Protein chains: 2
Amino acid sequence: MIRIFIDYLLPIFYFKCMTKNREKLLMILNANKVPMNASLIYEDTKDSFDLATIYRGLNYLETNNYVSSFVFDCKESGVQRYFTIKEESHKHYMHCEKCHTFTAIPLCPLKNALSDIEEEYGFIVDEHYLTLRGICRHCAETTL
Amino acid sequence: MIRIFIDYLLPIFYFKCMTKNREKLLMILNANKVPMNASLIYEDTKDSFDLATIYRGLNYLETNNYVSSFVFDCKESGVQRYFTIKEESHKHYMHCEKCHTFTAIPLCPLKNALSDIEEEYGFIVDEHYLTLRGICRHCAETTL
DNA sequence: TATTTTTTGCAAATGATTCGCATTTTTATT
DNA sequence: AATAAAAATGCGAATCATTTGCAAAAAATA
Ligand SMILES: [Mn+2]
Ligand SMILES: [Mn+2]
Ligand SMILES: [Zn+2]
Ligand SMILES: [Zn+2]
């Protein structure tokens, strides 16, 4: 299997503890570039490995900073955790409730806002979660 | 039971279909002013009514626009849905991972950003979810 | 008051995620 | 390479928030 990864996003000891399964998970997330949940990944890798292994693998990858995740309540498939490869900058997403896909918002619209809030409320912000829900351009055009 | 509600936040036919239980849910949410999940409310109303009724009541109140909700993954209590009374303007919250409470962010820091995104990506934004996770002022001061 | 509709309590079902444990694979040590 | 120790996997069972079926209770309507 060919290992294609962008250096800067990988911890130094990449090959340490990187099993075939974990690597496959990374490949899938890297190939799709959109947030995927466990069952979506399971589809992608059918009969290749177990769902529990996928969950365990994703958790491992997250605690070791290869991927990050968020929970989202899709009107079609309910509340699930979605995973993405960690990139240079963190990302937020818009979710279309017609085609149920995620689209990345290239730059975080909260840059200044967060430091303002920290200053004003003395709250130390470790993480922030932002998701938009609506109708994507494509679905808006093809008026179903 | 005394009915204290702020007019503007209540649909016109407030008393229609407003059962004792649903009213109690509103009272609790209105009294606490912070996002509460079903079990939290259940504590508050112990032996008064059933957990399933709480869920059903909250769902009713949400579809009828009395309350709104979001899912949040608290490091202590996991992924749960939190409900708040609907106020004039929608609200976002900071969650402290030391005392596990929510604090409202009085004004939404996404005002302009959203219309920019709609314009740039042709995505129609129906809802947006923003939550901050960190350490609140109080917990930061009392260095545990 | 009688009839219809809605809500409730309780128990059982659901669905995403986790966990226990025996087995297999990987890593470290002779 | 062979052996011993450690970590990962598959499978099934457990967990936990939330939902649902159903019969009884309450509320709305006639
Ligand atoms: Mn969706
Ligand atoms: Mn918490
Ligand atoms: Zn779409
Ligand atoms: Zn705190």
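Predicted, not measured: the structure shown is a model, and the values here were computed from it. Lettering of chains follows the sequences in order, A, B, ..., and the numbering in each one begins at 1.
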In residues 107-116 of chain A, what donor-acceptor pairs under 3.5 Å come from side-chain atoms, sequence neighbours left out?
| residue | atom | partner | partner atom | Å |
| --- | --- | --- | --- | --- |
| A:S115 | OG | A:N112 | O | 2.9 |

Starting at CD of B:E23 and ending at P of C:dT6, how long is that distance when rounded to a whole Å? 20 Å
It should be established whether B:T19 places a side-chain nitrogen or oxygen under 4.0 Å from OP1 or OP2 of nucleotide C:dT6. no
If I take atom CG in residue A:L51 and atom P in nucleotide D:dT15, what distance separates them, rounded to the nearest angstrom? 19 Å
Separation of C:dA16 atom P from A:M36 atom CE, nearest Å, is 15 Å
Between C1' on D:dT18 and CD1 on B:I41, what's the gap in Å once rounded to a whole number? 14 Å
Decide yes or no, distance alone: a donor-acceptor N/O pair under 3.5 angstrom between the base of D:dG21 and the side-chain of B:R56. yes
Please determine, for the side chain of B:K20, which listed nucleotide (D:dA27, C:dA16, C:dA11) has the closest atom? D:dA27
Is B:R81 close enough to D:dA17 that one of its side-chain N or O atoms is under 4.0 Å from OP1 or OP2 there? no
Show me the donor-acceptor pairs within less than 3.5 Å that the side chains of residues 124-132 of chain A make with the rest of the protein, sequence neighbours left out.
| residue | atom | partner | partner atom | Å |
| --- | --- | --- | --- | --- |
| A:E127 | OE1 | A:Y129 | OH | 2.9 |
| A:E127 | OE2 | B:K75 | NZ | 3.2 |
| A:E127 | OE2 | B:R133 | NE | 3.1 |
| A:H128 | NE2 | A:H90 | NE2 | 3.0 |
| A:H128 | NE2 | A:H92 | NE2 | 3.0 |
| A:Y129 | OH | B:R133 | NE | 3.4 |
| A:Y129 | OH | B:R133 | NH2 | 3.3 |

How large an angle, rounded to 10°, do the end axes of the helix from C:dT1-D:dA30 to C:dT30-D:dA1 enclose when each is built from five base pairs? 30°
Quick one: is D:dT19 close enough that its OP1 or OP2 comes under 4.0 Å of any side-chain N or O from B:Y55? no
So, the side chain of B:T45 versus the backbone of B:Y42: is there a donor-acceptor pair under 3.5 Å, distance only? no
Donor-acceptor under 3.5 Å (B:E62 side chain, B:S69 main chain): yes
Starting at atom CD of B:E76, determine the distance to atom C1' of D:dC16, rounded to an integer number of angstrom. 15 Å
Proximal nucleotide (of D:dT18, D:dC11, D:dT20) relative to the B:A52 side chain: D:dT20
Given D:dT19, C:dT18, D:dC11, identify the nucleotide with an atom nearest to the side chain of A:D50. D:dC11
Integer-rounded Å distance: C:dT26 P and A:R22 CZ: 12 Å
Any idea which of D:dG10, C:dT17, C:dT8 is nearest the B:T53 side chain? C:dT8
Would you say C:dT18 has OP1 or OP2 under 4.0 Å from some side-chain N or O of A:N59? yes
Looking only at D:dT18, C:dG9, C:dT7, the nucleotide nearest the B:F49 side chain is C:dG9
For B:F49 versus B:I54, what's the shortest heavy-atom pair and its separation? CE1-CG1, 3.7 Å
Heavy atoms under 4.0 Å, any strand shown: does B:N21 hit a base, just sugar-phosphate, or nothing? sugar-phosphate
Quick one: sort the B:Y82 and B:F72 rings into parallel, tilted or perpendicular, breaks at 30° and 60°. perpendicular
Using whole Å, report how far NZ of A:K24 lies from P of D:dT9. 12 Å
Please report the distance, rounded to the nearest Å, between CG in B:N37 and P in D:dT18. 7 Å
Nearest-nucleotide comparison on DNA chain D, the residue closer to the 5′ end among A:G57 and B:V71: A:G57
Is a donor on one side and an acceptor on the other found under 3.5 Å between the side chain of B:N37 and the backbone of B:S39? yes
Go through A:K91 and A:T84 one step at a time and tell me if the side chain to side chain donor-acceptor pair (under 3.5 Å) criterion holds. CA-CA 9 Å; A:K91 283 226 166 49; A:T84 53; over 6 Å; no
